[in-house]
Amino acid sequence: MSIIAARIDNRLLHGIVATQWVPRVKPQRVMVIDDEYAGDPTKKAGMRMAKPAGVALSIISEQTARNHFREGKYDDHTVFVIVRDPRIILQLEEDGQKVPRLTIGGTVSPQEGHPAIQVSRRAYVLDTDVPVYSSIAAHGTSINIQYVPADKDEPLSKYVNL
């Protein structure tokens, strides 16, 4: 079965994800794919403290994730992927992984000189990421904006021409 949902969130695994999104998605494994966190034992340990009870947690690099999916390591799991960069989702799809749903949660405000579209109070899509999201959508992935499950679920296509 493998990936059942994915989320873009600049804070990766944190309280809202652990207490609201994980129970909603109901994965067997939460997978944080982030080179910075995977390579920093202190950040990794801090994030492990947010691990929801009853689910496995992986905090791994993009290359490790790609290798593990390619090897079929998660074929018998339901996986909720959390990333900061949509390019990781696109790469997984180009590697043959199906991502049925991508939710854009919270992103950082764009730096000056980096044009972006504000798609919610807490999320922006950089102009340079629009083609990435378009490619993700072309793979059949539903892309929505929703910070917490109680927020209205809106399609990204309402704000960005995919």
Side-chain angles (χ1 to χ4, degrees), residues 1-27 29-38 47 50 58-70 74-75 77-162:
M1 177 154 232
S2 216
I3 300 173
I4 56 173
R7 179 172 173 86
I8 305 285
D9 197 309
N10 66 303
R11 296 190 298 161
L12 299 168
L13 178 59
H14 56 91
I16 289 170
V17 174
T19 63
Q20 295 182 40
W21 283 105
V22 170
R24 182 181 189 136
V25 173
K26 296 180 175 66
R29 175 175 301 278
V30 172
M31 181 180 293
V32 174
I33 304 174
D34 190 271
D35 290 351
E36 178 185 340
Y37 277 76
M47 188 164 291
S58 298
I59 304 169
I60 56 180
S61 70
E62 179 181 358
Q63 192 58 56
T64 299
R66 291 176 65 200
N67 291 343
H68 286 180
F69 278 117
R70 225 180 276 124
Y74 307 111
D75 286 354
H77 288 77
T78 54
V79 180
F80 180 29
V81 172
I82 306 167
V83 299
R84 293 189 285 186
D85 186 343
R87 286 170 188 78
I88 295 171
I89 300 301
L90 179 58
Q91 190 60 63
L92 290 172
E93 289 186 326
E94 289 176 349
D95 286 350
Q97 288 303 306
K98 176 75 177 133
V99 180
R101 179 180 172 91
L102 174 61
T103 301
I104 301 172
T107 64
V108 294
S109 299
Q111 295 177 347
E112 190 174 326
H114 291 86
I117 301 157
Q118 187 168 6
V119 296
S120 77
R121 254 183 59 219
R122 296 180 180 97
Y124 296 84
V125 171
L126 295 172
D127 288 2
T128 56
D129 285 343
V130 171
V132 176
Y133 284 110
S134 292
S135 293
I136 292 169
H139 280 92
T141 300
S142 167
I143 306 173
N144 298 290
I145 305 152
Q146 194 174 21
Y147 187 68
V148 296
D151 289 345
K152 183 179 178 191
D153 182 11
E154 295 188 300
L156 179 59
S157 60
K158 178 178 176 179
Y159 301 94
V160 175
N161 190 11
L162 299 175

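Nearest heavy atom pair, residue V108 against residue N10, reads CG1-ND2, 3.4 Å. Y74 and S58 get closest at one heavy-atom pair: OH-OG, 4.1 Å. Scanning both residues, L162 and A137, for their nearest heavy atoms gives CD1-CB, 4.2 Å.
A salt bridge links R101 with D153: the closest approach of a Lys/Arg side-chain nitrogen to an acidic carboxylate oxygen falls below 4.0 angstrom.
The closest donor-acceptor contact from the side chain of D95 to the backbone of Q97 lies at 3.5 Å or more, if one exists at all. Side chain of D35 to backbone of E62: a donor-acceptor contact under 3.5 angstrom is found. In this structure, T107 contributes its side chain and Y124 its backbone to a donor-acceptor pair below 3.5 Å. A distance-only check finds no donor-acceptor pair linking the side chain of E154 to the backbone of I145 [under 3.5 Å].
Summarising the geometry, atom CD belonging to Q146 is positioned 12.0 Å from atom CZ belonging to R122; distances are rounded to the nearest 0.5 Å. The distance from the CG atom of L12 to the CD1 atom of I59 is 9.0 Å, given to the nearest 0.5 Å.
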query: What's the verdict on side chain to side chain contact (heavy atoms under 4.5 Å, CB included) for L156 and Y133, showing C-alpha distance, side-chain angles and the deciding distance?
result: CA-CA 9 Å; L156 179 59; Y133 284 110; 3.7 Å; yes
message: Under the criterion side chain to side chain contact (heavy atoms under 4.5 Å, CB included), I'd like the reasoning laid out for V119 against K158: C-alpha separation, chi angles, the key distance, then a yes or no.
response: CA-CA 9 Å; V119 296; K158 178 178 176 179; over 6 Å; no
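Considering only heavy atoms from C-beta on, R7 stays 4.5 Å or farther from V25 through its side chain. The shortest distance between side-chain heavy atoms of R84 and Y37 falls below 4.5 Å.
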